[in-house]
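Order of the sequence lines fixes the chain letters, A, B, ..., with proteins taken first and strands second; residue numbering starts at 1 for each chain.
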Protein chains: 2
Amino acid sequence: MAKTGGRAARSTAAPALGPLDFALDRGSPVPLYHQLAQQLEAAIERGVLAPGNLLGNEVDLSVRLGLSRPTVRQAIQSLVDKGLLVRRRGVGTQVVHSQVRRPLELSSLYDDLEAAGQGPATEVVRNELVPASCDVAAALGVPEGGEVTVLDRLRRTHGRPVALLRNYLPASLPAFDTTRLEATGLYRMLRSAGITLHSARQTVGARAATAQEASRLDEQQGAALLTMQRTAYDDTGSPVEYGTHIYRASLYTFDFQLLVRP
Amino acid sequence: MAKTGGRAARSTAAPALGPLDFALDRGSPVPLYHQLAQQLEAAIERGVLAPGNLLGNEVDLSVRLGLSRPTVRQAIQSLVDKGLLVRRRGVGTQVVHSQVRRPLELSSLYDDLEAAGQGPATEVVRNELVPASCDVAAALGVPEGGEVTVLDRLRRTHGRPVALLRNYLPASLPAFDTTRLEATGLYRMLRSAGITLHSARQTVGARAATAQEASRLDEQQGAALLTMQRTAYDDTGSPVEYGTHIYRASLYTFDFQLLVRP
DNA sequence: TAGTGGTCTAGACCACAAT
DNA sequence: TTGTGGTCTAGACCACTAA
């Protein structure tokens, strides 16, 4: 097939927006649109692409890169979805004005996913099978009184206790090795167990600390605590985890970025 | 290979997934992929599409609907992004297992956007120009001491105070009419002023109520409060609003769904 | 009017999963 | 081996924005 046949003709001495050099590898298993998106994002991050007009129209770009327009669009769209670019019909595609731009995954789900490995960050204080209470049964979709794994962890940063994490998991999952859990983190273990997270539902609130909670968290009784409940689901919609977390409000906040969908 | 070459042969009395009837209007200004997405979503919502295998392959679907495959894919992809569908290569596209499915916009930004109009939900208690303090100036990107609009509102539900909302806005915006603000809501007024929100950054925390806050919110001093700070940006990345909100933890929680991006 | 993104088409080959 | 989604192409016409 001569598909790529006429491509050699695209010589044209360095068009107006020459400074951008993208190296696309057609042999790579990573999709072209993804390669382009990554390199665009890197260019934006490095400030090579200033927050002004740019990315001269999609058609030119596709010709310059030797890609089809839909492919270029797909790359651009992924960055628009990330909030890095804005498209205006009849105007062009612009880099969004710097400011806060780190994508920032959501709240403590991210913590559980990434804040692992480094030192004795979280200590497992309980890891056993118990009968499911009413609310746990409802959240996990198991019969009330059926066995579930309960996991209590104490999380510290800089040596100070920050959070009490209680998680319930279906007993159908393989048992969790405590030491490995402390080194790896809950979500990474779920992942290596072949469970791919799909979505989660969270509720964030606040209340005063009980005497017991206060002593465990090194706070005064009645101190303000941040509370978070979460149910996480896998691809098929089956619940894989129900958690009730408590954070010291004096040391911890949830912060996240959100995009307004058109 | 004659792949679907025998396409005409695929007459087969009412194929397995016959019950779906989609009415696409090519004359409508609403894009075909969007029409299809809406009708698919409606079918899922109504339970016509059970959480199992379905949506027989994209190629057949496109033929049945008289659309090209990319168009069908675009429709499906939008529902995947919403968390309603899951695609598996070599398997097919499935409806995600019911459970929690309402998309649910994020936290109180949604409140501000939608919880408007109905009754005296929020009362404007302050609406004036003041010099920007350090943190306000930083958040809004204006010089310290420059004029900004400060807006204090008291929000009630069922007659009980729920939140104290303080917002700062650039003085460059047109003045906000207090009565209209109470009837319409802040974000709707911004929108009608031609400002399209793009993204926001939020921090959620907790602390004990001061005596003054307690009296305004009908709480005890020291009661747990939920706090939220937010900076919202428009398309161009310019800050359009900085808010410091306080909620009664006994009456209010943030709850939201989040999708795990692959 | 000219230029931009928005939508749509009709194909193609590939990678992966199930059989 | 078969069927699925994943990627990619090379065009086309339209709607909106700006000059």
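Residue B:Y33 places no side-chain N or O under 4.0 Å from the OP1 or OP2 atom of C:dC8. One finds a side-chain N or O of A:N57 lying less than 4.0 angstrom from the OP1 or OP2 phosphate oxygen of C:dT4. At D:dT17, none of the side-chain N or O atoms of A:R88 fall inside 4.0 Å of OP1 or OP2 (strictly under the cut-off). Residue A:T71 places at least one side-chain N or O closer than 4.0 Å to OP1 or OP2 of D:dT9. The side chain of B:T93 places an N or O atom within less than 4.0 Å of a non-bridging phosphate oxygen (OP1 or OP2) of D:dG5. For the pair B:R26 and C:dT9, the criterion of a side-chain N or O lying under 4.0 Å from OP1 or OP2 is met.
The distance between atom CG of B:L85 and atom P of D:dG6, rounded to the nearest whole Å, is 12 Å. In this structure, CG of A:L36 is placed 16 Å from C1' of D:dT9, rounded to the nearest angstrom. B:E58 has its CD atom 17 Å from the P atom of C:dG11, to the nearest Å. Spacing between atom CG of B:L32 and atom C1' of C:dG6 amounts to 12 Å, rounded to whole angstrom units. Atom CD in A:Q94 sits roughly 10 Å away from atom P in D:dA18 (whole-Å rounding). For the pair B:D235 CG and C:dG5 C1', the interatomic distance rounds to 14 Å; values are reported in whole Å.
Across all their heavy atoms, B:F176 and B:L173 have their closest contact at CZ-CD1, 4.2 Å.
Out of D:dC16, C:dT9, D:dG6, the shortest distance to the side chain of B:R89 is found at D:dG6. Which of D:dT4, D:dA10, C:dT9 sits closest to the side chain of A:P70 comes down to D:dA10.
Distance check: B:Q39 CD to B:R46 CZ gives 9.5 Å after rounding to the nearest 0.5 Å.
Nucleic acid contact class of B:R73 (heavy atoms, under 4.0 Å, all strands): base. As judged by a 4.0 angstrom heavy-atom cut-off over every strand, A:P29 is placed among residues making no nucleic acid contact.
Side-chain polar atoms of B:D60 and B:S62 form no donor-acceptor pair below 3.5 angstrom.
Remark: A:E58 engages A:R87 in a salt bridge, criterion side-chain N to carboxylate O under 4.0 Å.
Judged by closest nucleotide on DNA chain D, B:R87 is the one of A:S68 and B:R87 placed further toward the 5' end. Closest-nucleotide positions on DNA chain C for B:R69 and B:Q74 were compared, and the one nearer the 5' end corresponds to B:Q74.
In terms of modelled atom types and a separation under 3.5 Å, the side chain of A:E241 and the main chain of A:Y233 share no donor-acceptor contact.
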